[in-house]
Amino acid sequence: MPVYNEEATIASIVQSVLARPEVGELLIIDDASKDASWEKLQQFKENPRVKLLKQEINRGKGAAITRGFYEATRDYVIIQDADFEYTPEDYPLVIAPLVNGKAEAVYGARFMNTPGQVRYFRHEMGNKFLTFWSNVFSDIHLSDMETCYKAFRREVIQNLKLTSCRFGIEVELTAKLARSRQLRIWEVPISYQPRRYDEGKKIGWKDGFAALWHIIRFNCFSSDKKSFHRPWNEVLKKEDQQP
């Protein structure tokens with residue numbers, strides 16, 4: 001869970017996550033928040049399922065997520081934002097293809113005709129525009145590349161070499177998963193309740209333009225050596241041998 005200036009929601013969302021029986025550990029990475037987020041998190045420091053990590057300088061969502069990936073110890077890893085746009089009640093839907101051995105990565109798609117609050121038109125069209133071009137360059141057919149809810153087998157996500165510090169992490173993850181040509185990627189419909197910009201929504205049009213460059217960069221100018229720590233046949237073979 002990456003956190004940056006989320007004092008209004010952080011305690012409640014952490015409680016909601018910990019209430020889920022699927023959660024074996026919760027890694028919270030505070031990205032040098034300037035508000036009281038870190039102080040509010042201290043109430044959870046004695047919880048054995050919670051690990052609090054703090055970035056001394058603000059490095060961005062991508063850097064926080066990447067740190068969480070490499071600190072994870074459980075079999076499956078899912079990204080959770082520090083607000084209530086996404087509900088932890090959807091965890092069973094998102095991790096089911098992993099648990100059932102049908103996928104190595106799962107995307108929780110917001111736009112697969114699921115009921116929910118009316119969304120911002122331009123924001124949704126922007127997401128679909130970026131997803132379209134990501135699909136063109138990566139040659140996989142996703143409906144929602146920019147979704148927060150992405151879940152992975154731990155050894156799969158830890159095999160990716162990730163470099164994006166900001167919101168480009170969504171593009172980079174997708175491009176490198178697709179590049180493997182060996183990983184099974186699933187999509188499942190999830191609920192979504194977008195927050196308003198006056199409530200703290202952080203992504204903006206500049207991030208959209210940056211995402212276009214990242215789509216080209218990570219799909220056209222990356223190599224296996226830059227993308228993966230080990231060959232996928234080694235990683236997946238080891239997974240298959242696990243009980």
Side-chain angles (χ1 to χ4, degrees), residues 2 4 60-62 65 78-91 93-98 102-152 157 160 162-181 183-222 227:
Y4 181 66
K61 180 180 179 179
I65 288 174
I78 186 170
I79 303 169
Q80 172 69 56
D81 278 350
D83 56 46
F84 284 95
E85 286 193 323
Y86 300 80
T87 173
E89 293 179 3
D90 283 338
Y91 286 172
L93 294 172
V94 178
I95 67 172
L98 303 177
K102 296 180 178 179
E104 284 74 49
V106 180
Y107 282 51
R110 297 166 289 177
F111 312 132
M112 295 177 71
N113 297 319
T114 51
Q117 180 178 312
V118 171
R119 300 178 285 266
Y120 289 113
F121 176 78
R122 282 177 289 183
H123 189 264
E124 182 169 336
M125 291 303 103
N127 276 316
K128 290 184 176 181
F129 176 80
L130 294 175
T131 297
F132 171 82
W133 284 109
S134 175
N135 290 343
V136 169
F137 282 91
S138 66
D139 195 31
I140 61 173
H141 192 186
L142 292 171
S143 64
D144 188 8
M145 177 269 295
E146 293 277 359
T147 180
C148 163
Y149 269 5
K150 296 179 176 72
F152 316 90
I157 194 59
L160 298 186
L162 301 171
T163 60
S164 297
C165 288
R166 284 182 53 77
F167 293 103
I169 190 68
E170 313 292 0
V171 174
E172 184 179 10
L173 282 168
T174 302
K176 291 182 176 178
L177 290 170
R179 183 178 185 83
S180 74
R181 293 304 186 209
L183 301 177
R184 297 168 297 172
I185 305 170
W186 273 52
E187 273 193 308
V188 296
I190 59 169
S191 53
Y192 179 58
Q193 183 172 328
R195 62 175 170 174
R196 303 186 305 272
Y197 285 93
D198 63 346
E199 294 176 315
K201 195 170 185 67
K202 298 177 178 68
I203 194 167
W205 63 269
K206 291 182 180 179
D207 295 296
F209 280 109
L212 288 173
W213 159 240
H214 291 314
I215 288 171
I216 297 171
R217 172 191 173 195
F218 289 118
N219 284 285
C220 299
F221 299 108
S222 288
S227 301

Within a strict 4.5 Å, meaning less than it, do heavy atoms of the [X] and [Y] side chains meet?
X	Y	value
Phe152	Glu104	no
Thr163	Arg217	yes
Gln193	Glu85	no
Leu160	Ser227	no

[atom1]-[atom2] distance between [X] and [Y], expressed to the nearest 0.5 angstrom:
X	Y	atom1	atom2	value
Arg166	His214	CZ	NE2	9.0 Å
Ile169	Lys150	CD1	NZ	9.0 Å
Asn127	Glu170	CG	CD	9.5 Å
Leu130	Ile215	CG	CD1	5.0 Å

Can you see which heavy atom on [X] is nearest to which on [Y], and at what distance?
X	Y	answer
Pro2	Ile65	CG-CG1, 3.9 Å
Leu98	Ala105	CD2-N, 3.8 Å
Ser191	Asp90	OG-OD2, 2.9 Å
Glu146	Ala211	OE2-CB, 4.1 Å
Tyr107	Thr174	OH-OG1, 2.7 Å

*asked:* My understanding is that only residues two or more places apart in sequence, or in another chain, count here; which of them pass ring pair (Phe, Tyr, Trp, His ring centres under 6.0 Å) with Tyr86?
replied: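 So Tyr86 forms a ring pair (Phe, Tyr, Trp, His ring centres under 6.0 Å) with Tyr149, Tyr192.
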
*Sequence neighbours excluded, which residues qualify as ring pair (Phe, Tyr, Trp, His ring centres under 6.0 Å) partners of Phe137?*
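Applying ring pair (Phe, Tyr, Trp, His ring centres under 6.0 Å) to Phe137 gives none.
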
Within the side chain of [X], is there an N or O that forms a donor-acceptor pair under 3.5 Å with the backbone of [Y]?
X	Y	result
Thr147	Gly108	yes
Ser180	Leu183	yes
Asp144	Arg110	yes

Partners of [X] by salt bridge (charged side-chain N to carboxylate O under 4.0 Å, His left out), sequence neighbours excluded?
X	value
Arg179	Asp224
Asp81	Lys61
Lys102	none

*Test side-chain hydrogen bond (donor to acceptor under 3.5 Å, both in side chains) applied to Ser143 - qualifying residues, sequence neighbours left out*: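 Expected list: Glu187.
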
*Which residues pass the side-chain hydrogen bond (donor to acceptor under 3.5 Å, both in side chains) test with Ser164, sequence neighbours left out?*
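Applying side-chain hydrogen bond (donor to acceptor under 3.5 Å, both in side chains) to Ser164 gives Glu172.
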
With [X], which residues qualify under side-chain contact (heavy atoms from CB on, under 4.5 Å), at least two apart?
X	value
Thr131	Asn135, Leu142, Met145
Phe132	Val136
Ser138	Ser134, Ile140, Ala178, Asn219

*Given Val106 and Ile185, is the side-chain contact (heavy atoms from CB on, under 4.5 Å) satisfied, shown in steps?*
CA-CA 6 Å; Val106 180; Ile185 305 170; over 6 Å; no

*Check the pair Trp133 / Ile216 against side-chain contact (heavy atoms from CB on, under 4.5 Å), numbers first and verdict last.*
CA-CA 9 Å; Trp133 284 109; Ile216 297 171; over 6 Å; no

*What residue pairs, at least two apart or across chains, pass salt bridge (Lys or Arg N to Asp or Glu O under 4.0 Å) with a residue in residues 129-140?*
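Qualifying pairs, neighbours excluded: Asp139-Arg181.
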
